[in-house]
2 protein chains.
Amino acid sequence: MPARTPDVDIGALTGLIGYMLRRAQIAVFQDVFRAFAEVGIRPAQFSVLTVIAHNPGRTQSQVAAALGIKRTNFVALIDSLERRGLAERRPAPSDRRSHALHLTEAGRMTVRRLNRMVEKLEAGMIRRIGRHRRAVLLDLLARLSEP
Amino acid sequence: MPARTPDVDIGALTGLIGYMLRRAQIAVFQDVFRAFAEVGIRPAQFSVLTVIAHNPGRTQSQVAAALGIKRTNFVALIDSLERRGLAERRPAPSDRRSHALHLTEAGRMTVRRLNRMVEKLEAGMIRRIGRHRRAVLLDLLARLSEP
DNA sequence: CACGATCGTTATGCAGCATCACAAGTAACC
DNA sequence: GGTTACTTGTGATGCTGCATAACGATCGTG
């Protein structure tokens, strides 16, 4: 029986959007991370695969910008996906500087598999906070993301 | 006039709690970061100062645990606050291994100043999404942070 | 053609977060 | 009371995320 020290008061932090956003994001990402670990994919890689799947043929710069990633750091990301045979760089038809991004067949399969995982995770969210409140949350988060 | 390429579709990502949480967190943190830059304080440092202010005399391990920071990485954090004369380590009365954390007078003044900034930022949030919806958001975020 | 801008890339640095190892101190136990 | 196991703060170290600088190849425009 430990000598019960009263809990540390976290102060007004629980009333701050920024702090609570961070905590929630970390908690949710941990779940995603665990689920994706089975496939060996990180959240950032998943987002890239998704965007390529929806926009085949776009250049690295375009995809990177859409995700808010610097094209500098995007290089290693694509490298890893290409090395694993999930995506590939093809010569862009109109610009010899650019690389057009495409998924391989394995990449498309992986995306489908990841999407099934994501669906389950989102279903868990709905169970936790309710379908309606989840929709409200998404709406509020979208507003905070905008300028 | 650039040759209007249609925008890149971000796919189903806008419907994912995890992705939207991340985006919102980055956007909000950027605002906080800019505001705090004037004082030369980072969000993590602010959270530490706040917890110490509310719990003077607690040990490094206790404060670190309350914030979800490994005590290993907490060392440099306290170092910086102590070097700037905002907080200090005092010998703990009951345990000679521990350091009891306290704010200096300058630290208390800085916290007050930061709190005024935070209030303004939160007021901006309320203006953006409404007082009630902000409360709803905080509630939902708290639920997602829990186990 | 010449010039400025863009694309992908490399190199590099800093901050966040994790693990391992350790010395000093504490607590439990027989 | 002395051995043993644990805790506290610290240092060293590595990986990842994200930023900037510089560069060659290529493009678009005057």
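Naming: A, B, ... by sequence-line order, numbering from 1 per chain. What's counted below: heavy atoms across the whole structure, side chains too, no hydrogens, waters or symmetry copies.
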(message) Under the side chain to side chain contact (heavy atoms under 4.5 Å, CB included) test against B/F46, which residue among B/N115, B/V51, B/V32 passes?
(response) B/N115
(request) Take B/L144 and A/L137 through the side chain to side chain contact (heavy atoms under 4.5 Å, CB included) test and state the conclusion after the steps. (result) CA-CA 11 Å; B/L144 293 183; A/L137 176 59; 3.7 Å; yes
Using atom [atom1] of [X] as one end and atom [atom2] of [N] as the other, report the distance to the nearest whole Å.
{"X": "A/R42", "N": "C/dG16", "atom1": "CZ", "atom2": "P", "result": "18 Å"}
{"X": "A/R96", "N": "D/dG24", "atom1": "CZ", "atom2": "P", "result": "18 Å"}
{"X": "A/Q60", "N": "C/dT6", "atom1": "CD", "atom2": "P", "result": "17 Å"}

Could you see if [X] belongs to whatever hydrophobic cluster contains [Y]? Use Ile, Leu, Val, Met, Phe, Trp, Tyr and a side-chain cutoff under 4.5 Å.
{"X": "B/V136", "Y": "B/V28", "result": "yes"}
{"X": "A/V63", "Y": "A/V75", "result": "no"}
{"X": "B/F29", "Y": "B/L141", "result": "no"}

(request) Report the residue (A/D95 or B/S94) whose heavy-atom-nearest nucleotide on DNA chain C is the more 5′ of the two. (result)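 First, find each residue's nearest nucleotide; the 5'-ward one identifies A/D95.
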(message) Under 4.0 Å, heavy atom to any atom of DNA chain C: which of residues 70-84 of chain B qualify?
(response)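 Those residues are B/K70, B/T72, B/N73.
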(request) Taking only heavy atoms on the protein side, list every residue of residues 13-33 of chain A lying under 4.0 Å from any atom of DNA chain C, sorted numerically. (result)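 The answer is A/R22.
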(request) In plain terms, say whether A/R84 and A/E82 are close enough for a salt bridge, that is, a side-chain N and a carboxylate O under 4.0 Å apart. (result) no
(message) What's the closest nucleotide to the side chain of B/R89 if the choices are D/dT10, C/dT9, C/dC7?
(response)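 Looking only at side-chain atoms, B/R89 lies closest to D/dT10.
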(message) Base of D/dT7, side chain of B/R97 - is there a donor-acceptor contact under 3.5 Å?
(response)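 Looking at the base of D/dT7, it does pair with a donor or acceptor on the side chain of B/R97 (distance under 3.5 Å).
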(message) To the closest 0.5 Å, what do you measure between CE (B/M125) and CG (A/L16)?
(response) 9.0 Å
(request) Can you run down the salt bridge (Lys or Arg N to Asp or Glu O under 4.0 Å) pairs that involve residues 114-129 of chain B, sequence neighbours left out, and say none if there aren't any? (result) B/E122-B/R134
